[in-house]
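Notes for the one structure printed next.
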2 protein chains.
Amino acid sequence: MPETRPYQHHYLKAACANCSVLELCLPIGLTSHEVERLDTLIIQRVKVKKGAALYRAGDPLRSLYAVRIGSFKTSMLSVDGREQVTGFQIPGEMLGLDAISDDRHTCSAFALEDSEVCPFNFAQLEKLALELPSLQHNMNKILSREIVREHNLLMMMGNMNSDERLAAFLLNLSQRLSIRGYSSRNFVLKMRREEIGSYLGLRLETICRGIAHLRDSELVEISGRNVKVLNLDGLKQLVAGCHREPPL
Amino acid sequence: MPETRPYQHHYLKAACANCSVLELCLPIGLTSHEVERLDTLIIQRVKVKKGAALYRAGDPLRSLYAVRIGSFKTSMLSVDGREQVTGFQIPGEMLGLDAISDDRHTCSAFALEDSEVCPFNFAQLEKLALELPSLQHNMNKILSREIVREHNLLMMMGNMNSDERLAAFLLNLSQRLSIRGYSSRNFVLKMRREEIGSYLGLRLETICRGIAHLRDSELVEISGRNVKVLNLDGLKQLVAGCHREPPL
DNA sequence: CGTGCTTTTGATTATGATCAATAAGTGTGG
DNA sequence: CCACACTTATTGATCATAATCAAAAGCACG
């Protein structure tokens, strides 16, 4: 990711009401009148070029972002400059939730492809949430859902071997894409092997070997970054009947 | 943890205003009038016996809980019955945040010693947060802080070896205890080696060996569950100059 | 159409898991 | 209070998994 300049401002007039990811984003369950009020927070949508940072660790929290088009990775840097990928975000998913803790982003967010986000000014969002109970409730749920996501990640890190983690990763991505109306059986990995590895706590070579194993067992067909799921149940079984010891 | 009966109800009249962990808990930064209103949500404090569950995975979300006295572990069960510990909570820390996502607890919470919690009815809490902006803001921060905590855990799982993870765990516990006014140099581990291991993605034997290593390098003195930190900076250095490869 | 980067695959090594046996605590009932 | 049973902790020996090192093959983009 050599592109380091701040994100580009391509101003677009926003309109939650006719946004295609409306039902996956902050406004879930809001009345059309409430959505209109939320709309007023989004000054403009923002385009982020592939490889560019939407924000960086240490930046003050200005806005939360909903991914509208494209995809992102969020990552932290360790003291000695190693990257830990903490998540991949696709349309309808939120970015920046970790920053509320300390009014400062703890992760950086990079676009994995040319992308577009809706920024919600956080101060205004909190203010509006005081007036719209369902918005407040949504925010709580979205924050809590992120906690649950990370619990599952921890579970994976603690109890799954490399092949199982990879299978779980593909399955999770497949399911999230399917919710967004994309194919759950054919999709493209926008991230590098190294980034998948970092996310799963593995080296990139281990990811390559895992892919080879899944291919050998005819669960998926992966060539380059193109994924075709051949045996969804098989994948699920691999993830479910997982863990380092057999059940006694 | 053989004790499986639901938590015991020892009713105590609650009063945030003169609670010793007030400034670490939900009411941070609230005016005394606001704290009074929050007080009305806590019908009574609840005592939980060592080993008993405060709630279990699958239970409907009724309340969030602030630990007042004692300590807890939260854990999830995998399909084949293996435990993944997701956190340890000490006084002033919140329990149940993951349940907001789906109105259902995804973890179980067990008392590691005889303990006491303050339950906040969640529905009432959300309602009250609409009227008290600083309460709403606190809730957002607490949720976000939990996300940051888990990011750091992921970082640990992904980039640290066993000794470094153990050192990071001890350091983190030491710091949290110190914030609560306990000694940061002398404390007692209320959890078993196995639970520490599960939390850190390691086996209990590896924890024992790690303890032996830290003892050999004269960073800490650990006998049984009693911890004495001998060289805080040394511990920090081990955690900071960590990671599987040396910095290039 | 090279020149990076990224991915793949192979060979070897290191770390932590597993298996096993012993020791140290903890709590209970006599 | 002690003896016993049981849980928890420690340490050793061996093994398995994934990391590391290395080299070649694909790709993508200027």
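Labels below follow one simple rule: chain letters A, B, ... track the order of the sequence lines, proteins then strands, and each chain is numbered from 1.
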Shortest side-chain distance from B:I211, nucleotide among D:dA18, D:dT10, D:dA22: D:dT10

Looking at D:dA18, C:dG16, C:dT7, which one has an atom nearest to any side-chain atom of B:N161?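 Within the option list, the nearest is C:dG16.
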
B:S71 and B:Q89: side-chain donor and acceptor closer than 3.5 Å? no

A:D98 side chain to A:T106 side chain, donor-acceptor N/O pair below 3.5 angstrom: yes

Taking atom [atom2] of [N] as reference, at what distance in whole Å does atom [atom1] of [X] sit?
X	N	atom1	atom2	value
A:N159	C:dG16	CG	C1'	15 Å
B:L204	C:dA23	CG	P	18 Å
B:L166	C:dG16	CG	P	11 Å
A:E113	D:dC29	CD	P	13 Å
B:E205	C:dC19	CD	C1'	9 Å
A:R203	C:dG10	CZ	P	21 Å
B:L189	D:dT8	CG	P	15 Å
A:E195	C:dT6	CD	P	8 Å

Does a side-chain N or O of A:S162 approach OP1 or OP2 of D:dA18 to a distance below 4.0 Å, or not? yes

Side-chain N,O (A:R225) to OP1/OP2 (C:dT7) below 4.0 Å: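 Checking C:dT7 against A:R225, a side-chain N or O does come within under 4.0 Å of OP1 or OP2.
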
Salt bridge flag under 4.0 Å for residues B:R180 and B:E93: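 Yes, this pair counts.
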
Decide, yes or no, whether a salt bridge links B:R192 with B:E194 under the criterion of side-chain N to carboxylate O below 4.0 Å.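 Salt bridge between B:R192 and B:E194, a charged N being under 4.0 Å from a carboxylate O: yes.
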
Would you classify C:dG4 as syn or anti? Syn applies when the glycosidic angle is within 90° of 0.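 For C:dG4, whose glycosidic angle is within 90° of 0, the conformation is syn.
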
What I want to check is whether an N or O donor and acceptor connect the side chain of [X] with the base of [N] at under 3.5 Å.
X	N	result
B:R209	D:dG12	yes
A:E194	C:dC5	no
B:R192	C:dT26	no

Within 45 degrees of the ring normal and closer than 6.0 Å to the centroid, is that where the cationic atom of A:K73 sits relative to A:F88?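 Judged by the rule, A:K73 and A:F88 form no cation-pi pair.
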
Paired nucleotide for D:dA23 [Watson-Crick or G-U wobble; both distances under 3.5 Å]: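 Result: C:dT8.
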
Please work out if A:I207 contacts a base, only the sugar-phosphate, or nothing of the nucleic acid, heavy-atom cut-off 4.0 Å. nothing

Map A:T206 and A:G224 onto DNA chain D by nearest heavy atom, then report which one ends up closer to the 5' terminus.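 Going by which nucleotide is closer to the 5' end, it is A:T206.
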
